[in-house]
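Starting off with a structure, shown below.
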Amino acid sequence: MARVAINVDHVATVRQARLASEPDPVVAAALAELAGAQGIVVHLREDRRHIQDRDVEILRRTVKTRLNLEMAATADMIDTALRIKPDLVTLVPEKRQELTTEGGLDVVLYEEPLAEAIKRLHEGGIFVSLFVNPDPKHIKTAAKIDADCVEIHTGSFAEAKSYAQRQEEFERVQDAAKLAAKIGLMVHAGHGVDYRNVLWLRVIKEIEEFSIGHAVIARAVLVGMERAVREMIALVNG
């Protein structure tokens, strides 16, 4: 059965809207773990729009499962990761003007700098995942440059406007997951996963972990963090 890792970025988004101290993503992470989450995910953006350094530093000391730090593959962010020592780093593309990460890394175009980033993180004892589109050439290149894992971007699947389009995008994700597993990569998936479309994705046995944020935090506003997390875990493992 796949693990469920909860991204608490949007708890910090609410906090930063008022530059207040609450709600605290550290507390949200603890509640998610108590509800059965098997990992906590945070994206420390270069512009610090939601998660702050303080959050990651405290989470490193308090997370009991596994801390996955999403970040851009820049020298400053790599230095930060090497200092904080998360269990896993997921390298993602990052643009200042985007609302959320809009797609996977172009692993082919940026093969050399990504290979260097992976090397530095490995030297620090940190496992590395690359956030990639469900594209065979990017997955093969991820393996070539010694990534440990790929997180398959499920955004196009989640945003499909018709059944036929969703089926097509589902097959792309499924094929990508099968390829990644076949060539020795761990397989995660995330972006736009919610309480409905996860029923499709959960049948892909190669997916070892789902990274889910917005859908769970949105539901938590209405029913509470622990219930929202438990409901998602039940669907993934149903």
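On a predicted model such as this, the values are computed, not experimentally measured, just so you know.
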For F127, what residues pass the ring pair (Phe, Tyr, Trp, His ring centres under 6.0 Å) criterion, not counting sequence neighbours?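 Result, ring pair (Phe, Tyr, Trp, His ring centres under 6.0 Å) vs F127: none returned.
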Minimum heavy-atom separation for S129 to E151, with atom names?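 In terms of heavy atoms, the two residues are closest at OG-N, 3.4 Å.
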Are any of the side-chain heavy atoms of H188 and L88 separated by less than 4.5 Å?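 Result yes, sub-4.5 Å side-chain heavy-atom pair found.
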Output all residues satisfying salt bridge (Lys or Arg N to Asp or Glu O under 4.0 Å) with K140, sequence neighbours left out; order by chain, then residue number.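 Residues passing salt bridge (Lys or Arg N to Asp or Glu O under 4.0 Å) with K140: none at all.
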Identify every side-chain donor-acceptor pair in residues 19-32 under 3.5 Å, counting partners at least two apart or on other chains, and give the distances.
residue : atom : partner : partner atom : Å
D24     : OD1  : V26     : N            : 2.9
D24     : OD1  : R54     : NH1          : 3.0
D24     : OD2  : R54     : NH2          : 2.8

Looking only at heavy atoms, which two atoms of E33 and K64 are closest? And how far apart?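 Heavy-atom minimum between the residues: OE2-N, 3.0 Å.
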For A143, check side-chain contact (heavy atoms from CB on, under 4.5 Å) against everything at least two apart and list the hits.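 Partners of A143 by the side-chain contact (heavy atoms from CB on, under 4.5 Å) criterion, ordered by chain and then number, come out as I183, L185.
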For E111, give me all partners under side-chain hydrogen bond (donor to acceptor under 3.5 Å, both in side chains), at least two apart in sequence or on another chain.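 Applying side-chain hydrogen bond (donor to acceptor under 3.5 Å, both in side chains) to E111 gives K144.
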Which heavy-atom pair separates R48 from D53 by the least distance, and what is that distance?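 Closest approach of R48 to D53, heavy atoms only: NE-OD1, 2.7 Å.
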Please verify the inter-ring angle class for H153 with H191; under 30° counts as parallel, over 60° as perpendicular, anything in between as tilted.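 H153 and H191: tilted rings.
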Ion pair present between K119 and D146, side-chain N to carboxylate O less than 4.0 angstrom?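 So K119 does not pair with D146 through a salt bridge.
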Any Lys/Arg nitrogen of R49 or D47 sitting under 4.0 Å from an Asp/Glu carboxylate oxygen of the other?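 Yes, R49 and D47 are salt-bridged.
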Shortest non-hydrogen contact between V236 and R202, atoms and distance: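 Of all heavy-atom pairs spanning V236 and R202, the closest is O-CB, 3.7 Å.
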side-chain contact (heavy atoms from CB on, under 4.5 Å) partners for E231, two or more places apart: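 With sequence neighbours excluded, E231 shows a side-chain contact (heavy atoms from CB on, under 4.5 Å) to Y195, R219, R227, given in chain and number order.
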Salt-bridge contact R60-D87 (side-chain N to carboxylate O under 4.0 Å):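 D87 and R60: salt-bridged.
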Qualifying residues under side-chain contact (heavy atoms from CB on, under 4.5 Å), relative to D175, sequence neighbours excluded: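 D175: no side-chain contact (heavy atoms from CB on, under 4.5 Å) contacts found.
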Donor-acceptor contacts under 3.5 Å from residues 73-82 side chains, at least two apart:
residue : atom : partner : partner atom : Å
T74     : OG1  : M77     : N            : 3.2
D79     : OD1  : R120    : NH2          : 2.7
T80     : OG1  : D76     : O            : 3.0

From CA spacing to verdict: side-chain hydrogen bond (donor to acceptor under 3.5 Å, both in side chains), E169, Q165: CA-CA 6 Å; E169 294 296 338; Q165 184 183 6; 5.0 Å; no
For K182, all residues meeting salt bridge (Lys or Arg N to Asp or Glu O under 4.0 Å), sequence neighbours excluded: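 Applying salt bridge (Lys or Arg N to Asp or Glu O under 4.0 Å) to K182 gives none.
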Set of residues satisfying ring pair (Phe, Tyr, Trp, His ring centres under 6.0 Å) with respect to F210, sequence neighbours excluded: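 So F210 forms no ring pair (Phe, Tyr, Trp, His ring centres under 6.0 Å) with any residue.
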Distance from D9 atom CG to H43 atom NE2, nearest 0.5 Å?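 So the gap between those two atoms works out to 7.5 Å.
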Partners of R18 by salt bridge (Lys or Arg N to Asp or Glu O under 4.0 Å), sequence neighbours excluded?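 None.
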Evaluation steps, side-chain hydrogen bond (donor to acceptor under 3.5 Å, both in side chains), between H122 and D148: CA-CA 10 Å; H122 279 169; D148 303 291; 2.7 Å; yes
Pairing residues for H214 by the ring pair (Phe, Tyr, Trp, His ring centres under 6.0 Å) criterion, not counting sequence neighbours: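 With neighbours one apart ignored, the set is H10.
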